[in-house]
Amino acid sequence: GRRLLADAAEAADPAAGLALQRALALSRAHSPLNDAAAIHRLAAELATTERYIILSTIRIYSVSRHDTRERTMLRVLQQWRGNLREQAAHILLVGADAHTCAVAWERHVPCSVDASLEAALGPQLRELDAKAKRRAGAKSRNMFGRHVLLKWWVSATLCDGGYHVLGMPQ
């Protein structure tokens with residue numbers, strides 16, 4: 001079969017492969033991220049010595065052989081992982097739910113399940129989700145609300161902890 005850029009990059013650079021394996025293990029071990037303290041504990045493991053961390057958030061709604069958007073997103077994640085090489089050790093990819101991270105983990109992409117946003121915002125978050133679903137319409141899967149709010153929430157939490165956040169779109 002075809003080799004992905006990520007697999008080829010890791011084969012060519014064993015240090016990058018080890019960094020990714022470590023990040024993947026840490027993301028699983030620290031999931032779910034229940035509160036700001038949990039986010040800070042994981043960041044302490046992933047950040048550079050200067051406290052820089054690469055942050056992105058993701059939400060995958062479904063994966064089916066018929067849904068090309070979700071499959072494309074997964075392929076982009078795998079290529080993204082390969083392009084980062086040894087910097088993969090400093091990625092904090094936060095999944096909006098357990099399903100998202102389960103799919104990412106299957107593809108060897110580090111992902112930490114968020115549980116802090118719901119605990120912190122509760123009713124406001126559920127209202128935002130409902131509004132996003134109404135705006136998106138029945139055929140769209142662009143439930144924009146939670147995903148964007150999650151990125152801002154985790155960024156603010158990291159900054160409050162003294163980290164320098166490098167944001168990345170997925």
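Since the structure is predicted, the reported quantities are computational estimates derived from the model, not experimental observations.
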Open item on the list: Tell me the closest heavy-atom pair linking Ser112 and Cys101, and the distance in Å.
Closed with: C-SG, 3.5 Å
Open item on the list: Tell me the closest heavy-atom pair linking His40 and Thr157, and the distance in Å.
Closed with: NE2-O, 2.7 Å
TODO: Check whether Val113 and Val103 end up in the same hydrophobic cluster, where Ile, Leu, Val, Met, Phe, Trp and Tyr are linked by side-chain heavy atoms less than 4.5 Å apart.
DONE: no
- [ ] Locate the shortest heavy-atom distance separating Glu50 from His164; write the atom from each residue and the value.
- [x] O-CD2, 3.2 Å
Task: Inter-residue atom distance Arg107.CZ - Leu24.CG, 0.5 Å rounding - done: 13.0 Å
Open item on the list: Keeping Tyr163 on the side-chain end and Ser155 on the backbone end, is there a donor-acceptor pair under 3.5 Å?
Closed with: no
Open item on the list: Between His90 and Leu46 (side chain of the first, backbone of the second, donor and acceptor by atom type, cut-off under 3.5 Å), is there such a pair?
Closed with: yes
Task: Main-chain N/O of Pro110 paired to Ser27 side chain as donor or acceptor, under 3.5 Å - done: no
Open item on the list: Under 3.5 Å, is there a donor on one side chain and an acceptor on the other for Thr100 and Asp97?
Closed with: yes
Task: Contact summary for Arg51 and Gly162, nearest pair of heavy atoms - done: NE-O, 3.2 Å
- [ ] Could you state whether Tyr52 and Leu93 fall into the same hydrophobic cluster, counting links through intermediate Ile, Leu, Val, Met, Phe, Trp or Tyr residues with side-chain heavy atoms under 4.5 angstrom apart?
- [x] yes
TODO: Indicate the atoms forming the closest heavy-atom contact of Cys111 with Ile58, along with that distance.
DONE: SG-CG2, 4.5 Å
Task: Any donor-acceptor N/O pair, Arg22 side chain to Ala89 backbone, under 3.5 Å - done: no
Task: Hphob cluster co-occupancy, Leu55 + Ile39, side-chain heavy atoms under 4.5 angstrom - done: yes
Task: Note, Leu158 side chain near Leu92 side chain (heavy atom, < 4.5 Å) - done: yes
Open item on the list: Do Ile91 and Trp105 land in one hydrophobic cluster if side-chain heavy atoms of ILVMFWY residues count as linked below 4.5 Å?
Closed with: no
TODO: Find the distance between CG (Asp35) and OG (Ser116) and round it off to the nearest 0.5 Å.
DONE: 7.5 Å
